[in-house]
Amino acid sequence: MGTQQRMDSLQCLRGLAALAVVLFHLRGVEMKYLQGPALLDAVARYADAGVDLFFVVSGFVMTTIAAGRYSKAGASAQFLVKRAWRVLPMYWIFTTLVVVLMAVVPSVVNSSYAGQSVLASYLLIPHAQLPVLTVGWTLVHEAYFYLVFAGVIAFVPERFVPVFLLLWATSIGVAPWLPPGPMTPAHVLVTNPLTYEFIAGAMLGIYWRHIPAKLALPLIVAGTAVAVAAAVALPEAGPATMAVSTRVACFGSAAVLLLAGAVVWEANGRFRAPRWLTLLGDSSYSLYLTHIFVISAMGRAWAMVSPAPGWAGHLAFVVVSTFACCVAGYVVHAQLERPLLVLPQRWGVGRKQLPG
């Protein structure tokens, strides 16, 4: 695809989204392995809303990198190859690590993995259960969006892309009113309201330059307020009891507001990204894929040490574990993910157009 100017605001939001998901999963580990009330039980109950932010950012990136490329020969295939190379090698590596653990040390792997399809996990095929690498469920949604968007790039003239996105959103909205069909995993995926988040991000990628600069900070404040209010008002049981449509309405809308404000703020020269946060954003995919392994190991290690219960012990566990996740994510990004991304250039594939 064509070149895209780096936007630090996107990287910062990716970093925050990945960190939120880390805290969400760390909450479960803290509750499982540490004695006493969990420090993260309340504050991170809905932190998996980081996934909603990821989806909105993904939709935004798709329409910004595709601008000027619609209906051009080879653009759709190039788009798919680039996205596949960006996502799959790293995902396959860590999926393989889980498969090896299942075979060699099954006691350290969640017993629910037993009924999961390894092939469906590798190929990101919709399946009744979570993928072997559990965070891969989000990549199933990403893959579906990429496939649809590749078709858009190939067959939809650029001026009609907003119309297509609106029709796509409408089809999801009317799906519940149609005669019920077989509820296969593919049907559940295609009609899932989470796709609204990709579509909203894609629409924002087309129109964000029309947003007045004076609205940047109010949009960021509004997005933060919506997310915090939702996390406070929604049931204490957490996301498991929440309808997907409610999740999208609350956290998807918050993500759109945050993203809109952030990109407008940066475009008008008011945003100065902290270096640590852009580094976190750069390594967000590695952090997302590796954090489950790190926090699981940290939980088991902490349980063996058995520090005295109390808020200080819980705080130490949260801080140390979060730091360990971020360090591991950055190391994997620098030593594995980044070298993988530049391989096509070294092989002479796509002339510098694939990585990124």
Side-chain angles (χ1 to χ4, degrees), residues 10 13-14 16-17 20-21 24 46-66 83 124 126 135-153 156 160-178 180-181 183-208 210-211 219-220 222-231 233-234 239-263:
L10 294 183
L13 290 177
R14 283 174 169 143
L16 292 174
V21 174
F24 175 76
Y46 285 97
D48 70 331
V51 168
D52 304 272
L53 182 54
F54 271 131
F55 285 171
V56 172
V57 169
S58 182
F60 180 92
V61 170
M62 293 308 97
T63 47
T64 53
I65 66 175
R83 301 321 300 171
L124 296 177
V135 295
W137 74 267
T138 64
L139 300 182
V140 174
H141 286 268
E142 292 271 3
Y144 166 60
F145 181 72
Y146 294 160
L147 288 171
V148 173
F149 203 75
V152 173
I153 293 171
V156 180
F160 292 128
V161 172
V163 176
F164 173 86
L165 293 173
L166 289 173
L167 291 174
W168 190 8
T170 301
S171 69
I172 299 169
V174 302
W177 304 97
L178 298 176
M183 292 301 292
T184 63
H187 179 271
V188 172
L189 174 66
V190 170
T191 59
N192 197 307
L194 285 172
T195 304
Y196 284 133
E197 296 176 345
F198 290 105
I199 295 172
M203 291 291 280
L204 182 60
I206 297 172
Y207 292 115
W208 70 272
H210 298 284
I211 300 174
L219 285 169
I220 293 173
T224 303
V226 170
V228 172
L234 288 169
T241 62
M242 179 173 52
V244 178
S245 57
T246 302
R247 172 180 185 155
V248 172
C250 294
F251 298 111
S253 60
V256 172
L257 292 168
L258 279 171
L259 178 57
V263 294

Exercise for review: List in chain and number order the residues that pass side-chain hydrogen bond (donor to acceptor under 3.5 Å, both in side chains) with Thr191, two or more places apart in sequence or in another chain; answer none if no residue qualifies.
Suggested key: none
Review point. Is there side-chain contact between Tyr46 and Cys250, with heavy atoms separated by less than 4.5 Å?
Key: no
Point to revise | For Leu53, all residues meeting side chain to side chain contact (heavy atoms under 4.5 Å, CB included), sequence neighbours excluded | key: Leu13, Ala17, Val57, Ala255
**Study point:** All pairs passing salt bridge (Lys or Arg N to Asp or Glu O under 4.0 Å) where residues 165-176 contributes a residue, at least two apart
**Key:** none
Check your understanding: What salt bridge (Lys or Arg N to Asp or Glu O under 4.0 Å) pairs are there with at least one residue in residues 239-254, not counting sequence neighbours?
Key -> Asp48-Arg247, Asp52-Arg247
Exercise for review: Identify the two heavy atoms, one from Gly252 and one from Val56, that lie closest to each other, and give their separation to 0.1 Å.
Suggested key: O-CG2, 4.1 Å
Point to revise | Residue list, ring pair (Phe, Tyr, Trp, His ring centres under 6.0 Å) with Phe55, at least two apart or on another chain | key: His141, Phe198
Check your understanding: Among Leu194, Val190, Asn192, Ile199, which one satisfies side chain to side chain contact (heavy atoms under 4.5 Å, CB included) with Ile172?
Key -> Ile199
Exercise for review: Evaluate the side-chain proximity of Arg83 to Glu142: yes if any heavy-atom separation is below 4.5 Å, no if none is.
Suggested key: no
Exercise for review: Please answer whether the main-chain N or O of Gly173 pairs with a side-chain N or O of Tyr196 as donor and acceptor at a distance below 3.5 Å.
Suggested key: yes
**Study point:** Criterion side chain to side chain contact (heavy atoms under 4.5 Å, CB included) against Leu204, the qualifying member of Thr64, Leu257, Leu259
**Key:** Leu259
Point to revise | Residue pairs passing the salt bridge (Lys or Arg N to Asp or Glu O under 4.0 Å) test where at least one lies in residues 166-175, sequence neighbours excluded | key: none
Practice item. Applying ring pair (Phe, Tyr, Trp, His ring centres under 6.0 Å), name anything that partners Tyr146, two or more places apart in sequence or on another chain. Key: none
Practice item. Please report the closest heavy-atom contact between Val248 and Pro193, naming both atoms and the distance. Key: CG2-O, 3.5 Å
Check your understanding: Hey, are the side chains of Thr63 and Met203 touching, using non-hydrogen atoms and a 4.5 Å cut-off?
Key -> no
**Study point:** Partner residues of Ala20 under the side chain to side chain contact (heavy atoms under 4.5 Å, CB included) criterion, sequence neighbours left out
**Key:** Ala47
Exercise for review: Go through the steps to decide whether Ile211 and Leu219 satisfy the test side chain to side chain contact (heavy atoms under 4.5 Å, CB included), and finish with yes or no.
Suggested key: CA-CA 10 Å; Ile211 300 174; Leu219 285 169; 3.9 Å; yes
Point to revise | Ser253: side-chain hydrogen bond (donor to acceptor under 3.5 Å, both in side chains) partners, not counting sequence neighbours | key: none
Exercise for review: Output all residues satisfying ring pair (Phe, Tyr, Trp, His ring centres under 6.0 Å) with Phe149, sequence neighbours left out; order by chain, then residue number.
Suggested key: Phe79, Phe145
Review point. Quick check: does any side chain N or O of Thr224 sit under 3.5 Å from a backbone N or O of Ile220, one acting as donor and the other as acceptor?
Key: yes
Exercise for review: Could you pull out all residues at least two apart from Ala143 that satisfy side chain to side chain contact (heavy atoms under 4.5 Å, CB included)?
Suggested key: Leu124
Study note, to complete from the structure: To the nearest 0.5 Å, atom CZ of Phe251 lies from atom CG of Leu258 at 11.5 Å
Review point. If you round to the nearest 0.5 Å, how far is CG of Leu16 from CZ of Arg14?
Key: 12.5 Å
Check your understanding: If every non-hydrogen atom of Pro162 is compared with every non-hydrogen atom of Ile206, which pair is closest and at what distance?
Key -> CG-CD1, 4.0 Å
**Study point:** Residues in side chain to side chain contact (heavy atoms under 4.5 Å, CB included) contact with Ala233, at least two apart in sequence or another chain
**Key:** none
Check your understanding: Side chains of Trp168 and Thr195: does their closest heavy-atom pair fall under 4.5 Å?
Key -> yes
Check your understanding: Does Phe60 reach the side chain of Leu10, with side-chain heavy atoms less than 4.5 Å apart?
Key -> yes
